Structure formats: C-alpha cells, structure tokens
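Structure first, then comments.
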Amino acid sequence: MKHIAFIGLGNMGGPMAANLVKAGHRVTGFDLSQTSREEAKAAGVTIAESAIDAVKDAEIVVTMLPAGKHVRAVWGELVPAMKKGTLLVDCSTVDVESARAVHALAERAGLAALDAPVSGGTGGAKGATLTFMVGGTDAAFAAGKPILEAMGKKIVHCGGAGAGQAAKICNNMILGISMVAVSEAFVLAEKLGLSHQALYDVASTSSGQCWSLTSYCPVPGPVPASPANNAYKPGFAANLMLKDMKLSQEAAAAAGANTPLGAAATQLYSLLAAWGQGGQDFSGVINLLRGKEGE
Ligand code: NAD
C-alpha cells in the first residue's frame, strides 16, 4: 500500500483516484472544485485542505489537470513542499515543452518524475482500462508502473522526459487526420450514389481500414456503437480533439516537422468548434464537410 496524493479530481482524475483507493492505496486528494472534491470523497479519497496539505507526506503525487499552464503552476507550488524520494506523475495531456519543463523542475529538487498521459477516455478511467504512455527514466518508470497498473490495462514506456506526451499527440494527430479522411470518403460516396454500408463493407476489409472507420464510423448504421448513432454525443468531444491537434501543431512548429495534413485537420476541428459543435463527438466533422448538421 502506498500513500498517494491526487491533484485534479475531475472527469478523469476522480475515477482514477477511486481506482487507486479500490486497489488498497491510501489516497489524499485535492481539487479546486467542490463538486469534484465531494464526488472523490464519496469514492473513499481523503480530501485535504489544500494541494500542499495533500502532498506533504505522500510517496507518490499524481496530477490530472486541464493543460500545461495548470501543471506548471501546480508543480511549481508543490515541488518545494514534497519530501525526499517522492515520485511525481503527471497524467494530464500537455504540450511537450511543459512536460519537459516540469521534469527539469523535479530533477532540480532531486525528485523523480514521469509524464504519463492516457488514452481511453472517461470510460477507461472508470473501468481502469486506460492506456498510459510514459516518459521518464527506467528507475522512475519501475517505481510508477504498479500504481499505473491499478488505473489502466496497458502501460508503455516510450522513452525519456516528454516521450509520453510526444506519443500521445502523434497518435491523436493520426486519429484526427484519419477521421477527416474517412468522413471525406463517405461524403464522396453519398454524392456518387454509393451506400454507406457498401463503402463500409469494402473499406473495412481493404486498405482503407482504420480505427476511425471501424470503431467510430462517422455515419450511423455500420458500427452501431459509434457516436454517429447517438446524435454525435461524445465519445471524444471535438473540443478535446482540437486541443490535442493544436498541441501536435505547436510541437511540429517547435521541432521543425512538416505536418501539412495535421495543420489542415486542425483547421477543420477549429471550424467545427466555431460552428458551435465543439461539445459534439469529433466524428461530427463529417457534417462540417457536408455543410449541414447531422440528423
Ligand atoms: P476536467 O476539467 O474534468 O478535470 C480537471 C480538474 O482539474 C477539474 O476538476 C479542475 O477543478 C481541476 N483543477 C484545475 N486547476 C487546479 C488546481 N490548480 N488545483 C487543483 N485542481 C485543479 O478534465 P478531464 O476531462 O478530467 O481531463 C484532465 C486531463 O486529461 C486533460 O489534460 C485532458 O486533455 C486529459 N484527457 C481527457 C480525456 C477525456 O476523455 N476527458 C481523455 C484523455 C485525456
């Protein structure tokens, strides 16, 4: 049993902290939101008066916060309050630069750190089936792996500081682009008089096969569980996809990588959000291509 502090008990962090409790750990948590604090308390998390109070005796500190600026601010405040030997694990999705900056902050204080963003969404957080993409030293990974296993089913050590965030945004850039590609193909099929099912039956067993087609098919029918069958209710909201696409483009600009399709797809999700559909599933991008809202 470990004493774990958990900062950021929102849609993802709340159920993740609850799974650490279920695995037998002592979890002390903090969140700025009273609702999040109350929900976590009901799941067995001891709520501290402040983030500093939560971390001061912890062996492992997990953060699950909205974006890089929050992680930089929270780690900046907490690192000086942590005891020697504490391991810091940030599970938020943030820019690679912020991930590397907070690793450096921990290193200067003599603390081990991991960036460990997740995929699998709120369903994965509740069911402890998340995939963790982890960056950090071998020793830090070995120390953090057991608690990640209590919250997820696949834990991949991707490399040194920031490698977890790099893997996350590269993967999501593929996803964002492939959903646009699949959507364009269905829109073209519609104009050519080809049925959705016929295109699906061919492409899902041909070279056009991909996750956007076979798991999140952007038209209703062929994949009954896809958000298109549920009025494009997320799923994975377009606003969250836009956040990850923007992170990929910031990283590409900083590293000098050419990602023209990533840039084009980012613009499309940005238009979808401006169209008032940012809360819809990202597969709703097909309706933007059609120029009309889905039925
Ligand atoms: P959320 O907004 O539900 O939760 C974030 C929580 O952080 C909120 O409860 C907020 O009050 C708290 N918070 C913000 N600043 C704080 C501070 N200074 N101190 C303490 N608490 C603070 O967001 P979420 O959906 O849980 O997402 C968290 C992270 O996980 C994001 O980086 C997101 O991109 C990533 N992520 C989300 C999903 C998803 O499906 N929701 C999937 C994969 C990754």
Side-chain angles (χ1 to χ4, degrees), residues 5-19 27-43 45 47-55 58 61-79 81 88-96 98-99 102 115-134 148 151-154 164-165 167-173 175-176 215-216 227 233-248 250-251 269 273 278-283:
F6 208 113
I7 313 299
L9 301 163
N11 292 325
M12 295 293 289
M16 289 165 71
N19 282 326
V27 184
T28 309
F30 183 73
D31 193 293
L32 294 178
S33 140
Q34 191 182 342
T35 313
S36 298
R37 289 198 301 267
E38 281 168 6
E39 283 174 12
K41 191 175 171 194
V45 174
I47 300 300
E49 287 292 308
S50 67
I52 293 207
D53 271 353
V55 305
V61 174
V62 182
T63 50
M64 192 51 163
L65 298 162
K69 64 178 181 191
H70 307 95
V71 176
R72 284 178 189 251
V74 168
W75 280 41
E77 185 193 353
L78 297 185
V79 162
L88 287 113
V89 183
D90 180 44
C91 296
S92 331
T93 302
V94 308
D95 55 292
V96 176
S98 291
V102 295
D115 53 293
V118 303
S119 77
T122 50
K126 287 187 189 120
T129 57
L130 294 168
T131 294
F132 284 90
M133 295 149 261
V134 189
L148 300 180
M151 300 184 283
K153 73 167 190 310
K154 184 157 189 200
Q165 297 293 350
K168 165 89 186 170
I169 59 173
C170 288
N171 177 71
N172 279 21
M173 188 175 79
L175 176 63
S215 290
Y216 257 47
K233 192 167 171 274
F236 186 46
N239 279 336
L240 290 176
M241 174 51 86
L242 178 59
K243 173 191 168 186
D244 292 357
M245 292 302 290
K246 283 182 174 166
L247 291 177
S248 76
E250 279 167 33
Y269 294 111
Q280 295 269 294
D281 188 74
F282 77 114
S283 59

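Since the structure is predicted, the reported quantities are computational estimates derived from the model, not experimental observations. Atoms within each ligand, like the ligands themselves, are counted from 1 in listed order.
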Aromatic rings Phe282 and Tyr216: how do their planes relate, parallel, tilted or perpendicular, breaks at 30° and 60°? tilted

Tell me the closest heavy-atom pair linking Phe132 and Cys91, and the distance in Å. CE2-SG, 3.8 Å

Under 4.0 Å and counting heavy atoms only, is there anything from the protein next to atom 2 (O) of ligand 1? no

Taking only heavy atoms of Ser92, which atoms of ligand 1 are found under 4.0 Å from at least one of them? 32 (O)

So the atoms of ligand 1 within less than 4.0 Å of a heavy atom of Leu65 turn out to be 7 (O), 13 (N), 14 (C), 15 (N), 16 (C), 21 (N), 22 (C), 28 (C), 29 (C), 31 (C), 32 (O)

Tell me whether His70 has any N or O atom under 3.5 angstrom from an N or O of ligand 1. no

Just distances here: any N/O of Asn11 and N/O of ligand 1 closer than 3.5 Å? yes

Heavy-atom closest contact (Ala43 atom, Ala18 atom, distance): CB-CB, 3.7 Å

Subset of ligand 1 atoms that lie under 4.0 Å from at least one heavy atom of Leu32: 15 (N), 16 (C), 17 (C), 18 (N), 19 (N), 20 (C), 21 (N), 22 (C)

A student checking ligand 1 against Val74 at a 4.0 Å heavy-atom cut-off should list atoms 17 (C), 18 (N)

Side chain to side chain contact (heavy atoms under 4.5 Å, CB included) partner of Val74, the single match among Val61, Val55, Thr63: Thr63

Atom 37 (C) of ligand 1: which protein heavy atom is closest, and how many Å away? Met12 CG, 3.7 Å

Mark yes when over 12 heavy atoms from residues, nucleotides or ligands other than Lys246 sit less than 6.0 Å from its NZ; otherwise mark no. no

Proximal atoms of ligand 1 relative to Lys243 (non-hydrogen, under 4.0 Å): 31 (C), 32 (O), 33 (C), 34 (O)

Per-atom contacts, ligand 1 versus Ile7 - under 4.0 Å to a heavy atom: 20 (C)

Would you mind running through ligand 1 and noting each atom that sits below 4.0 Å from a heavy atom of Gly121? 40 (O), 42 (C)

Options Leu9, Leu130, Asp31, Thr35, ranked by nearest heavy atom to atom 12 (C) of ligand 1, top entry: Asp31

Near Ser36 (heavy-atom distance under 4.0 Å), the atoms of ligand 1 are 9 (O)

Any Pro66 heavy atom less than 4.0 Å to ligand 1: yes

